[in-house]
Each structure stands twice: as C-alpha cells, then as structure tokens.
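Keep in mind that what you see is a predicted model, and the values were worked out from it rather than measured. A, B, ... follow the sequence lines: proteins, then strands. Residue 1 opens every chain.
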Amino acid sequence: MCRNGTAGLLLFRGGCIPMNHIISIRDLSRTEIDHLIDEASCIQSSASIDQSLKGKILALLFFEPSTRTRMSFEAAMARMGGTSIGLDSVEASSMAKGETLADTIRVVSGYADAIVLRHPKEGSARLASEFASIPVINAGDGAGQHPSQTLLDLYTIRQSMPLDGISVGLLGDLRYGRTAHSLAYALSLYGATLHTISPKGLELPGSITDELSKKGTGIVEHRDISEIIETLDVLYVTRIQRERFPDSASYFKVASGYRVTPELLGSVRKNLIVLHPLPRLDEIDPRVDQLPYAQYFEQSRNGIPVRMAMLRKVMG
Amino acid sequence: MKRDARKGLLINPIQNGTVIDHITGGEALNVLKIIGITGTTTESISVATNVESGKMGRKDIVKIENRELHKEEVNRIALIAPNASINIIRNFEVCEKKGVEIPCILIGVVRCPNPGCISNTNEPIYSKFEVLPKGLHCLYCDWIITKDITSHLI
C-alpha cells in the first residue's frame, strides 16, 4: 500500500508559488508541447515587432560550453525586447569559491525574471527549480535532459511532416546523448516508431527503452543503418564522443560505421529529413549539406522561435 | 515473545520503547541502519536474528528501549521488511500495534547510485526517490534502482 506524503526529512525550498519551470520534456503533456510548437510557429510567421518581454531580464547560467543554446536564448530574449545577463563558466562565478548551486540560484533569483541553466550534473535544473523564486529553464543537465532542444527538434520535424506515427532513426551515441533521450520520450507521445542504431556500449539506456516499450512505443534496435534507412521519415544523428573510446584508432574504427554519406542516402524516402543537434564532427559528410534531406542548419535556426515561445511561456 | 525451551526468553521484555517484529530474516541490522540507529546512538537495543517463526520460517526481532518510533521512521522499514509489525510498549504492555506502509516518496533514505547525480554533491538537499513497482526512481536524475536497495541506504 502506498501512502501520500514523504518519509521524514524536509527539503529546503525556495518559494511556495508554483512556477512555470521547464525542466524535462517528461513534465510536459502532448497538449503543452503542441501549444509551444504552435506558439513558435506564430512567432516565426509574424512580421510585427515583438516587445512582449520589454523590461524583463533573463539570467543565463552556463557552467558548460554552449554555442547554439546560449546564443539562441540570448537572441530570443533580445527579439522580444528583453535583456540578458549571465555567467560563462564555473571559474567566472562564486562557485569557484565553493558556493553551492542552490545559493547561486537563490542569489540570481533576485537579479532576473527567469533563469536558463546548463550544468554538468544530472538533476541540477530540478534542484534549481526547488530553490528559485523565478522560473527555471533547463538548457542541459549532464547526460540528463535538454527540453528546449527537443522542442526545436519536434518543431523542425513538423515543418516537414505531421508528427503522428512517423518512423524515426536515432543514430550515434544514444547512451550519453541527452538530446536523444529527450527526443525519444517526446516522440513516444506521438506514436512514433523508433529505430536505434548505435555502437556497442552506447545503446539507448535500458531504463528508457523499457519505459517507452511499456507505454506502447515501438523500439527496434539495429547495428547497421543501411538495414533501415529506406523506411525512415527522420534520421536523427548524434555525435559519437571520442572520449568514450580508449584511443583514436578505436574511435575512428567505430565512428566510420555510423557516418552519414550521400551514398547511404541514395535510396531513401524522398521526404526524409536528416537532423543533428550540432556540433557535428565526422558523423555527417559535408557533401550531405547540399542534399534536400539536410535540415540541421534549419533546425539550429529554429532555436530562436522555439526559445522565444518558451521564454514567453515562463515570463509572459 | 519467542522462547527457547532450554534457555528461556531469547531476549528480555522491555518496559518502554518499540519492538519491531516479523522482520525478514537477516535484515535486522539494515532495519537499524534505515531508522538511523548506529553504533554512536545511546539507545539500548536488543536484536534477535533468524528466530524460528511459524509464519515466516525465520525472522528477526529488534527491541529499542525508551524510544517510540514515529510513523515516518517506521514506514522506511517497509522498503526492506514489508511484513514487519511495530509494537509500542509502555510499562511492559503493548499499547499500540501497527504494520508498515511503503511511502510514495523517500527523502534522505537512499543514496543515488548515479555518480553524476546532483544529489551526490555538497548541495543542501536530500536524495529524493519515488517508489515505483519496478524500483526506486531518483527524482533528480531519473536513475532507477531495481535491486539491492539495502546497499544504497544512507
């Protein structure tokens, strides 16, 4: 028998009022995801000047490197008339002096109207939401979640095809790639069939495949992308990280088997789209950039309207 | 009270305190750990392990003198001894008898095995797990503990 309530100790909590945090794609219903994507679509198609966040301040706390996520949040804020302040690294903050993330969040809550956080520890954004008195958006927590990336992935797919019932190939490092984890969860809400193709040892974690399978999501594991490429609507490629291998030779040996080339795409469906959260290394041949399937730069640009929609949701 | 035919009572009755009976055989020390009783605490404790039991085959019994366990403390025991029963003793009489219930959320009881989890840092938080049929789900990093829960007790 299960009872309500907690066993024992109390958590320190920042505020009592529920906040519009966006921490994990798992916290969002399909309706909420659709609403955000619709909102992003309206923003992108609107020609009017948007000053909806004029006077608002966004705190960008990035304790890990970022190009696209950080800059697109900053640009999104600027496009709605708001201002951004931020940190680029642990070394540039009081965390270098031993301050906890919890204290940093409480302090920054007094300076801004919302926080965008990237941090190397899994669950850091969840912790931040417990201590913040302003909304928190997770911009990546270790190998955990990256909901804004997932929303722009879905948005990019929906520009080409309806999201329901599509066949999606997830290629690359699916064990540590947080974007693949978040996307797999989100696609399960739309009845997608997932085909996973990854090197041995870098497969999608069993906890995720078990959970999604129990929800009725079709998940098929493959070792060779050529087995399945002709049936896919979307090919989502992720980076295979060199640091997961003992030496460069073994990395190149494995990575070469997971490289997307024009030859591999020779007999695919004509409406296939190839996505990648970027940055890419060797996993997509630059010659693919010229093919109509390549949508990864468009995907990256879509970060602006999607993140504008997210910022409006939490601050508007 | 269990009685050994040649030696009398296996452990003596207590005047005031708590008796935890019907603990899964061999789990008594983990029960003490889970309710925070360690070698540095001051309570007088009696432990009987692998006592014969008609219902359970073998069971453990723990007696804690001069301390009445709270409901929250008691329910943590359900994690490793779901059949345990709790008897509150006052002046040698059983004043209250209750079972244990598995809580929905466990806070500060189990350490997350994921080394990358924020709950394993110096942040001022306690670990937080949701109790699911398949195991314990870390509410910070989504890691799921499916077996050997006792080895993760804090």
Side-chain angles (χ1 to χ4, degrees), chain A residues 1-14 23-27 63-64 90 95 97-106 117 119-131 138 140-145 175-176 178 181-182 184-185 205-211 213-214, chain B residues 34-36 69-80 82-83 98-147 149 153-154:
Chain A
M1 182 178 165
C2 186
R3 67 175 179 80
N4 289 323
T6 59
L9 305 169
L10 293 173
L11 278 175
F12 298 102
R13 286 186 181 272
I23 305 301
S24 166
I25 203 73
R26 300 174 70 179
D27 298 340
F63 298 106
E64 270 192 330
V90 171
M95 289 180 83
K97 300 173 191 167
E99 185 174 57
T100 61
L101 176 63
D103 279 1
T104 302
I105 294 295
R106 282 193 280 214
L117 175 69
H119 192 277
K121 289 290 181 184
E122 290 164 54
S124 51
R126 186 74 66 193
L127 173 145
S129 72
E130 292 175 350
F131 287 88
N138 184 6
D141 58 338
Q145 293 276 325
R175 180 172 178 188
Y176 299 100
R178 60 190 167 205
H181 300 172
S182 291
Y185 278 116
S207 58
I208 296 177
T209 55
D210 289 350
E211 184 176 346
S213 297
K214 280 179 188 159
Chain B
I34 211 169
I35 56 178
L69 295 183
H70 300 298
K71 189 170 172 57
E72 288 77 15
E73 293 176 297
V74 163
N75 286 337
R76 294 179 181 198
I77 296 168
L79 269 182
I80 53 174
N83 300 314
K98 54 196 170 188
V100 293
E101 296 174 357
I102 296 175
C104 292
I105 306 284
L106 292 169
I107 294 178
V109 178
V110 175
R111 189 182 311 285
C112 183
N114 175 8
C117 179
I118 193 76
S119 68
N120 288 321
T121 63
N122 66 340
E123 296 293 336
I125 54 170
Y126 297 102
S127 69
K128 189 160 53 167
F129 284 83
E130 179 184 22
V131 180
L132 301 175
K134 63 182 171 185
L136 302 181
H137 168 222
C138 175
L139 289 174
Y140 285 104
C141 74
D142 289 332
W143 194 284
I144 295 178
I145 304 174
T146 54
K147 55 187 174 184
I149 288 168
L153 292 174
I154 291 174

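- Side-chain contact between A:Arg126 and B:Ile118 is absent, with no heavy atoms from C-beta onward closer than 4.5 Å.
- Interface residue B:Pro115: only backbone heavy atoms are found under 4.5 Å from chain A.
- Within the 4.5 angstrom heavy-atom criterion, no atom of B:Thr146 approaches chain A.
- Note on A:Ser124, A:Gly144, A:Ser24: by heavy-atom pairs under 4.5 Å with chain B, the leading option is A:Ser124.
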Test log, rule side-chain contact (heavy atoms from CB on, under 4.5 Å), inputs B:Asp142 and A:Arg26 | CA-CA 10 Å; B:Asp142 289 332; A:Arg26 300 174 70 179; 3.3 Å; yes
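- For A:Asp210 and B:Lys134, the salt-bridge test fails: no basic side-chain N is under 4.0 Å from an acidic carboxylate O.
- No part of B:Asn120 comes within reach of chain A, as not one of its non-hydrogen atoms sits under 4.5 angstrom from that chain.
- For the pair A:Glu122 and B:Cys141, the tightest heavy-atom approach, listed with the atom from each and the gap, is CB-CB, 3.6 Å.
- The shortest side-chain heavy-atom distance between B:Glu123 and A:Phe131 does not fall under the 4.5 Å cut-off.
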